[in-house]
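Presented below is the structure to which this report refers.
Naming convention: chains lettered A, B, ... in sequence-line order (proteins, then strands); numbering from 1 in each chain.
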4 protein chains.
Amino acid sequence: MSTERKRRANGEESRRRILDAAAEVAGERGYDGTSIAQVSARCGLPVSSIYWHFKDKDELIAAVIERSFEQWLTAFDAEGEDVPELVVRIGEALVATPDFLRLGLMLALERRPHEASARRMFLQVRATTLERIASTIREHAPELGDEAVRLLALYTMAAVDGFFVAHEIGGDSVDLGALFALHGRVLVDAARHLSA
Amino acid sequence: MSTERKRRANGEESRRRILDAAAEVAGERGYDGTSIAQVSARCGLPVSSIYWHFKDKDELIAAVIERSFEQWLTAFDAEGEDVPELVVRIGEALVATPDFLRLGLMLALERRPHEASARRMFLQVRATTLERIASTIREHAPELGDEAVRLLALYTMAAVDGFFVAHEIGGDSVDLGALFALHGRVLVDAARHLSA
Amino acid sequence: MSTERKRRANGEESRRRILDAAAEVAGERGYDGTSIAQVSARCGLPVSSIYWHFKDKDELIAAVIERSFEQWLTAFDAEGEDVPELVVRIGEALVATPDFLRLGLMLALERRPHEASARRMFLQVRATTLERIASTIREHAPELGDEAVRLLALYTMAAVDGFFVAHEIGGDSVDLGALFALHGRVLVDAARHLSA
Amino acid sequence: MSTERKRRANGEESRRRILDAAAEVAGERGYDGTSIAQVSARCGLPVSSIYWHFKDKDELIAAVIERSFEQWLTAFDAEGEDVPELVVRIGEALVATPDFLRLGLMLALERRPHEASARRMFLQVRATTLERIASTIREHAPELGDEAVRLLALYTMAAVDGFFVAHEIGGDSVDLGALFALHGRVLVDAARHLSA
DNA sequence: AATGAATGAGGATTCATTCAT
DNA sequence: AATGAATGAATCCTCATTCAT
């Protein structure tokens with residue numbers, strides 16, 4: 001059984017292979033550090049085939065973010081939990097699928113006009129997540145005003161980002177579990193401060 | 001002889017102009033997004049002059065980070081403050097000189113072998129800052145063990161990073177002051193949790 | 001069966017749509033400037049369908065020229081006219097279907113080995129036209145020798161080309177009617193010079 | 001004496017070599033048919049060096065046209081001649097430096113937004129030439145009104161373009177001398193028609 | 001009669017860097 | 001202390017064309 005060298009054209013699968021490769025590379029090196037040639041080498045399809053499936057690099061990266069976000073959503077999806085639990089679940093999801101956030105943060109930190117759609121996709125996905133955190137907080141602390149809820153949601157999202165960065169830098173010497181647990185407990189105190 | 005002096009002075013000046021331009025560009029676009037040609041265009045000196053002052057791109061960016069860190073240190077230097085105050089001061093310094101952290105975070109998030117010195121410079125600078133936060137915490141909560149102090153310092157640094165990211169993304173709709181104040185107060189509760 | 005007929009009809013229709021699109025694009029940008037992808041985008045049919053109807057780019061452009069020439073022939077077809085009238089009619093036909101000549105001239109000016117059939121098609125079409133002009137001249141000035149007739153025919157064709165170029169460049173600020181009328185009158189003088 | 005392989009950097013000469021090569025290639029194949037790689041191969045300098053001397057392909061071709069026009073101007077420069085003589089001189093200059101007009105006509109026939117400067121350069125050069133023809137006509141036929149002079153100048157320029165095209169297509173079977181001589185004589189008749 | 005997918009070669013342009021002056 | 005010129009490798013992307021269905 002020699003390697004099938006031309007398995008009959010299969011768009012779906014090729015698209016998936018390209019996205020897998022692009023997620024890997026972009027997760028490692030960011031937007032500018034990712035070259036189409038690298039993606040091509042990693043997925044085995046020629047450069048021109050990548051352009052058949054995606055209009056340009058920008059759209060490719062946007063698609064990577066979109067798909068990665070869906071995976072991450074699946075990973076931390078859960079209902080009826082209380083706030084500290086939610087925070088911990090987010091943390092777990094992070095460790096499981098870190099490419100999404102790493103790439104997204106890199107894009108968010110950049111200040112440039114291009115790569116519009118990739119950046120936009122991340123910001124949209126982020127807004128969705130923020131809203132979700134806010135509604136969980138609102139459920140569990142109905143006495144808080146809108147401003148306070150928004151502040152706590154922002155605080156939580158910032159903590160998540162910060163923990164992620166710390167873990168990226170410090171590796172396993174950073175105890176993500178302890179950090180998330182601490183933040184979960186602290187949120188309750190913070191809610192008390194704000195409702196007072 | 002005065003010509004000599006003039007020349008030397010111009011050397012310093014040129015170096016400064018290059019660093020200014022590089023800080024701007026790299027702050028906007030990250031390491032890969034920054035090209036020597038862009039820096040040249042922005043500072044008005046030819047490309048080859050940049051290479052006269054800096055060995056290569058990596059060293060140029062490292063120098064940008066180093067200088068930017070010194071400016072930032074100056075901005076939040078202060079002694080004898082209590083923990084919440086320290087946190088607030090860090091926040092103020094952030095808003096004042098954001099290039100340093102933005103570029104540093106971009107570098108930290110990337111996963112690649114090269115650009116050794118730029119990245120190393122940022123990590124070193126970051127370790128210094130972490131140690132400083134830790135010692136302030138230790139001073140003000142002598143009852144805490146080393147592990148607890150380290151956790152709180154990490155937590156604080158993560159919060160700073162996260163707030164910064166939130167502000168980069170959300171602009172002035174994100175109330176940095178409120179976030180830093182909240183974190184300052186919350187730290188005290190956290191210390192209580194951990195010493196219990 | 002009616003399906004059959006429909007399909008066949010669609011085949012014709014598709015061919016026509018492709019030719020229309022190709023004529024537009026090639027008229028605007030010349031042979032090299034025309035890409036199959038552009039033609040595809042402009043006619044709505046996929047690239048591979050264009051290759052189903054035409055062997056390659058060269059043949060497609062040749063077909064464009066051929067069809068365009070037929071349209072132009074129709075536009076200036078007329079019998080028994082005298083020389084100045086013929087010249088004016090050619091001019092009118094030019095303004096009506098300019099793609100043909102514009103594309104043809106571009107091809108004629110290029111110096112390269114490929115695109116054989118497109119270029120050949122234009123040259124052939126041009127030879128036909130030249131012969132036709134010559135025979136009209138011969139009819140109306142039977143006293144002229146072959147050489148003189150050929151010279152006048154060439155002169156006229158050159159004038160047509162030149163007027164066309166002038167109009168392409170200068171737009172409606174170039175009074176084509178006046179130019180053609182002038183050339184028509186001048187031809188009579190020229191015939192006199194040559195027969196003397 | 002081995003081939004000097006790196007003769008010390010000489011901007012002027014390199015620029016000239018690039019222009020020579022570009023004129024050759026573009027004269028043969030037009031704007032789109034000319035690739036920077038071909039120019040590089042023909043002049044021996046690497047592609048990136050071409051970009052050191054010229055901002056982009058557009059500017060390179062524009063420079064080719066400009067220089068070529070100057071050569072052509074030199075070739076047909078002369079004072080105090082009468083109209084038929086001027087026409088003949090233009091014809092001689094054409095045969096001597098045909099690249100200029102061939103490339104220019106190709107550009108003029110194209111209808112596209114880009115390559116702005118190359119096209120603009122040709123049109124400007126052409127306007128200069130037209131004005132020059134007009135003033136010679138005015139000198140020798142002072143009785144003509146402005147409109148008539150402009151028409152005759154346009155007619156002459158169109159004839160030149162047309163003769164050129166005829167010669168490009170027909171090669172030496174087209175007797176340029178006879179055509180130019182004929183046009184020269186005919187102009188006098190045309191002037192009579194118009195002043196009547 | 002038509003088309004989605006694939007593909008290698010080549011397109012223009014920019015890259016970081018070096019070198020002679 | 002500085003710079004004009006050069007350079008090979010890499011960048012993103014488009015090209016004409018083919019092939020299995």
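From C:Phe54, atom CZ reaches atom CD1 of C:Ile36 across 9.5 Å, with rounding to the nearest 0.5 Å.
In this structure, C:Ser14 does not reach the E:dA1 phosphate: none of its side-chain N or O atoms is under 4.0 Å from OP1 or OP2. In this model, the phosphate group of F:dA5 is not approached by any side-chain N or O of D:Ser49 to a distance below 4.0 Å at OP1 or OP2. OP1 or OP2 of E:dA5 sits under 4.0 Å from a side-chain N or O of A:Trp52. The shortest distance between the side-chain N/O atoms of D:His53 and the OP1/OP2 oxygens of F:dG4 is not below 4.0 Å.
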Dot-bracket for DNA chain E, 5' to 3', with Watson-Crick and G-U pairs under 3.5 Å, [ ] for crossing pairs and | for other-strand pairs: what is it? .||||||||||||||||||||
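Regarding A:Leu45, its CG atom lies at a distance of 6 Å from the P atom of E:dT7, rounded to whole Å. If you take CZ of A:Arg29 and C1' of F:dA10, they are 13 Å apart, rounded to a whole angstrom. As rounded to whole Å, 16 Å separates atom C1' of E:dA6 from atom CZ of A:Arg15. Going from atom CD of D:Glu13 over to atom C1' of F:dA6 covers 14 Å, rounded to whole Å. Residue C:Ile50 contributes atom CD1, which lies 12 Å from atom P of F:dC15 at whole-angstrom precision. The interatomic distance linking A:Glu59 (CD) with F:dC13 (C1') rounds to 14 Å, in whole Å. The distance from atom CZ of B:Arg17 to atom C1' of F:dA2 is 12 Å, rounded to the nearest whole Å.
Every pair passing salt bridge (Lys or Arg N to Asp or Glu O under 4.0 Å) that includes a residue from residues 19-28 of chain B is listed here, sequence neighbours excluded: B:Arg16-B:Asp20, B:Asp20-B:Arg67, B:Glu24-B:Arg42, B:Glu28-B:Arg42.
With sequence neighbours excluded, no residue satisfies salt bridge (charged side-chain N to carboxylate O under 4.0 Å, His left out) with C:Arg17. Listed by chain and residue number, C:Gln38 satisfy the side chain to side chain donor-acceptor pair (under 3.5 Å) test with C:Ser35 (two or more places apart in sequence, or in another chain). For C:Arg15, there are no side chain to side chain donor-acceptor pair (under 3.5 Å) partners two or more places apart in sequence or in a different chain. Evaluation of the side chain to side chain contact (heavy atoms under 4.5 Å, CB included) rule for A:Gln124 yields no partner, not counting sequence neighbours.
For D:Arg102 (side chain) and D:Gly27 (main-chain N/O), a donor-acceptor pair under 3.5 Å exists by modelled atom type. Under the 3.5 Å distance criterion, the side-chain polar atoms of C:Arg119 are matched with a main-chain donor or acceptor of C:Leu107.
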Each nucleotide of nucleotides 10-15 of chain E classed B (base within 4.0 Å of a protein heavy atom), S (only sugar-phosphate) or -, in 5' to 3' order, makes -SSBBS
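Side-chain contact between D:Tyr31 and C:Asp32 is absent, with no heavy atoms from C-beta onward closer than 4.5 Å.
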